[in-house]
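Beneath this line is the structure, given in structure tokens, with notes to follow.
Throughout, a chain's letter reflects where its sequence line sits, starting with A, and its residues are numbered from 1.
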Amino acid sequence: MKKFKTLMALSIGATLLVGCGGAEENPNAPFLPSDDIDWIVTSSPGGGSDIYTRVITDIIKQKGLVEENFLINNQTDGGGEVGRLRVSQEKDDGHMLLTFNSGDLTPMVQNTSNRVENFKPIAIMAVDSQILLEGVNTEYETFQDALDAAANGTSIIIGGSKGDDIALYEELLEVSGLEKSQLTYMMFDATSEALTSLLGGHIDYCISKPAASMQYIESGDAEAAVAFKTQRFSSGILADVPILSEVTDLEDIESSVWRGIVAPGNMPDKAVAYWSDIMRQVSESEEWKTQYLDKNVLESFYLPADEAKAYMTEYQNDYLEQIGKAE
Amino acid sequence: MENIQWLLQGFQVALTFENIGAATLGAILGILVGAMPGIGSLAGVALLLPLTYKFDPTTAIIMLGALYYANMFGGAYSAILINIPGDGPAVMTTLDGYPLAQKGRPGTALLVANTASFIGGLIGMIILTFTGPALARLGLNFGPVEMAALMILAMTSIGWLMGDSVIKGLVSTALGIIIACIGMDSVTGIPRYSFGNIYLLGGIPFTPLVIGMVGFSKVIGMMKDRNKTTELNMKLSFKESLLTRSDFKRLLPPAIRSGVLGTFIGVLPGAGATTGAFAGYAMQKKFKSKEPLGTGAIEGLASCESGNNAAAAGAFAPLLALGIPGSGTGAVLLGGLMMWGLTPGPLLFTEQPEFTWGLIASLFLANGLTLLVAICIIPFLVKILVIPTRLMIPIITTICIVGSYSATNSLYGVIIMFIAGCIGYIMNECDYPSAPLILAIVLSKIFETNLRRAFIISGGSPLIFFTEPISLFFMCVLILLIVLTTRKKLMNKN
Amino acid sequence: MKITIKQIFPSILILISLFFIYEGIVKIGFWDGDNGPMGGFYPTIIAIILLIGSVISLMQSLKESEVKFFRDDFKVIFAGAAIIACSMLIGLIPSIAIYLVIWMRIIEKISWKSTLIFAGITTVIVYLVFGVWLAIQFPMGLFENFL
């Protein structure tokens, strides 16, 4: 907990600690936060993870689920790795949370030795999908044509951001059997940058999320070529977008972009259960649906603590295997 | 002319008592936050965003526009008064702003900077009004190849732009680029030169480095002057701070030129306000200035401040017309707009013209109001310089530490600030200019990423820089510049 | 001839550039036949430029006048290092307050009364503006683990 407090607050804090100590004597007493909650976000203010976190805390406050205040702390040192490492090592009594998405996990396990096992997963809240956008200048009729051209020596360039999009690209290489030099990936800092390049006709395709792409599809600046799902989108303008097996002779690949929350590795189980339940209430609220899911075209996908743990661990191990770092 | 009608309608939306009040409040807060080193416009807008939640969407967006704009004005203050640039664009401001203030004309320096900012912003907005979405489409033509070519042009200008020794300028530039290479390789996402250190993975944080290199290094050097009783020959009264007719005549042409150039730079994807300020200053070098640039020339100060704000205005074109944030601040602004259920994108101009033009009108409003607020507070601000050097040393040290901490939310930033300060101090003592180093960091990242992407597109062939028309043009300009500069040097020798 | 910082600085740069060239070519990779430049391409080229520039500056520096460091300058550097070290123990804001008191009293020899007023006001302003208004969370040093 990094708050500047006067000595006065220190003594209050000490009293509260004693209070907590008293509560522990009764093993049946449920956990209740007794101080401000530090919520770490490892990306900049205003980005996707930041908005996700702020919507959750807003809903918790609107519905009065938690009395104490949330202090959202954006720690972007070392591409977010420093913040993640710090949370994983923090001594904690139930007052620290970390926003943790699939896009955080992939660079973490690739570039550092930090693993999901060092955290206590609290919940998974939602899943996002990925689609393949085609520029208006791209000359290929269908994605199959592009794949054929790539196999015959024309370099096809796919743009996308870090993390999730690369994982999907690797999977695409695997199912298509193409080499990196045939189907080339161009990494951008953010999806918006990749889209800029697509609109300017500098790349052929671009991996994107529905929320970021809708405007461009509607205005005709880009076309949705493929939805990376096993079934088409159920409604909206994306319902017309074919899945991979419909336009190519490849098998479908499904993106699994998830947004979750984890806590320091030594958070007491009672506190984990408490937060997991708070997140369940958030995910079941009407506000969550209207203020977050619908607005960003995400699907609700709530997993409580133990299931989230299993899910994240499996995701991590699959990814490690894919990049050849399996232990 | 349809655009003008829309704009007038926009003004009808913007000009209510409540909106003007919100814009004024935004302008005052924005200037204050912008003036604080380490906060800068990116964090400033992010931090003040929640303040706007209390208003209805139109008022909130007007306030946000004012905040954003005023931040850019305030950034010049610490650069001019205490030689600490709060963010990238302000590095250029220190080059002439600080010497001008030290010459005893701090009020004039601040007013020149803000008037130039106003003019640059105004030009940017006028261009935005008349061209709107078309301008943003033009920017799209700048892909990796074109951006890389433009950046080669910019980077080769850094070395001879500053300092007396070409070699020392070059060393400083190269050192800056080397520093920028530490961290994640932006094209492959693989760490390099990070020594396995987790902090270095994300690279050297820019703002603390700037604060240390320019600000803290100066404080170390200040100890020399501590006991000298400097003649306070400063013109600090309100009347003396005003611009004279001849000041204004010197300010206007560079401000207009940089305004046009800056707007164009702002439209380019990922170029940003620092590049705008730099390009304006570099161009001024090619024109006549009454005093040499770097010695407190009004022309130099006006050119970079105007270029900076014009780029900020220009960045609104891709933001509104295509939903593309041209900078980090743009991304936060985008987040702010989305909070009110607006998705900037290709449909915004056609589907929600009232909003779009209301926002553009409010930018005009914010620009004017900020200048008014600035004129009111500048006479008080210059009094800072009355503080004796012996008190300034601990105060600036404190500002450097707190500012660099705030920029990164960690002590790591303070450590970087400290190390950069020590290196900057050694460089000052050995007559290496530090400005090229800082600029190289900003430009180098844009350059390398685009260069590598260009090679991906061409499959490894450098010929692509000569086959694409826009890039070919830049290459010709580059060769021409090199030939002309060398010839001038040779002629001078004879 | 005496070796001063004017020779040491470019010498260090030469070492740095050699390291970047080695690392760039050997470890990171310079050029890939199919895809063109790799991660080490650009840093290596720039490091070569830095190497050449540093060697020339080193030779030029022999002709330049010596640098005379002012001893008091190091007090600022020492103070900066002390504040950072101290922040890890007792937190940033208390460190700054202590620094201000020590600096004003011992280095500038200002009366206790003025020192305390000055240090107090500066600390409170920093705390109110950055800590309260801008909601920046300052480190507490060792205390944070007790809270």
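Between B:Tyr199 and B:Tyr412, the ring-plane angle classifies as tilted under the 30° and 60° cut-offs.
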Take C:Tyr42 and B:Ser444 through the test side-chain hydrogen bond (donor to acceptor under 3.5 Å, both in side chains) and record every step on the way to the result.
CA-CA 10 Å; C:Tyr42 177 67; B:Ser444 164; 3.0 Å; yes
Carefully, step by step, assess C:Ile83 and B:Phe418 under the rule side chain to side chain contact (heavy atoms under 4.5 Å, CB included).
CA-CA 10 Å; C:Ile83 297 173; B:Phe418 176 72; over 6 Å; no
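Contacts between C:Met104 and chain B at a heavy-atom distance below 4.5 Å involve the side chain alone, from C-beta outward. For a residue to count as touching a neighbouring chain, one of its non-hydrogen atoms must lie under 4.5 Å from one of that chain's; by this rule C:Leu13 touches chain B with the side chain only. For a residue to count as touching a neighbouring chain, one of its non-hydrogen atoms must lie under 4.5 Å from one of that chain's; by this rule C:Leu51 does not touch chain B. Contact of C:Ala79 with chain B is not made at all, since no heavy-atom distance falls under 4.5 Å. In this structure, chain B has heavy atoms under 4.5 Å from both the backbone and the side chain of C:Ile77. Contacts of C:Phe9 with chain B are made by side-chain atoms alone, with heavy-atom separations under 4.5 Å and no backbone atom involved. Residue contact with chain C, scored on non-hydrogen atoms closer than 4.5 Å, involves the side chain of B:Leu451 exclusively. With a threshold of 4.5 angstrom between heavy atoms, B:Ile182 approaches chain C through side-chain atoms but not through N, CA, C or O.
The CE atom of B:Met155 sits 5.5 Å away from the CZ atom of B:Phe447 when rounded to the nearest 0.5 Å.
Taking all atoms of both residues into account, the shortest heavy-atom contact from C:Cys86 to C:Ser95 is C-OG, 3.3 Å. In this structure, B:Glu448 and B:Cys181 approach most closely via the heavy-atom pair OE1-SG, 4.5 Å. Across every non-hydrogen atom of C:Lys6 and B:Glu429, the tightest pair is CE-O, 4.1 Å.
When B:Ile395, B:Ile401, B:Val171, B:Ile399 are compared by the number of non-hydrogen pairs under 4.5 Å with chain C, B:Val171 comes out ahead. When B:Ile423, B:Thr397, B:Val414, B:Leu32 are compared by the number of non-hydrogen pairs under 4.5 Å with chain C, B:Thr397 comes out ahead. Per-residue counts of heavy-atom pairs under 4.5 Å with chain C were compared for B:Leu391, B:Ile167, B:Ile415; the largest is that of B:Ile167. Counting heavy-atom pairs under 4.5 Å between each of B:Leu411, B:Asp431, B:Val219 and chain C puts B:Leu411 at the top.
Ring to ring, C:Trp31 and B:Phe455 are close: their centroids are under 6.0 angstrom apart.
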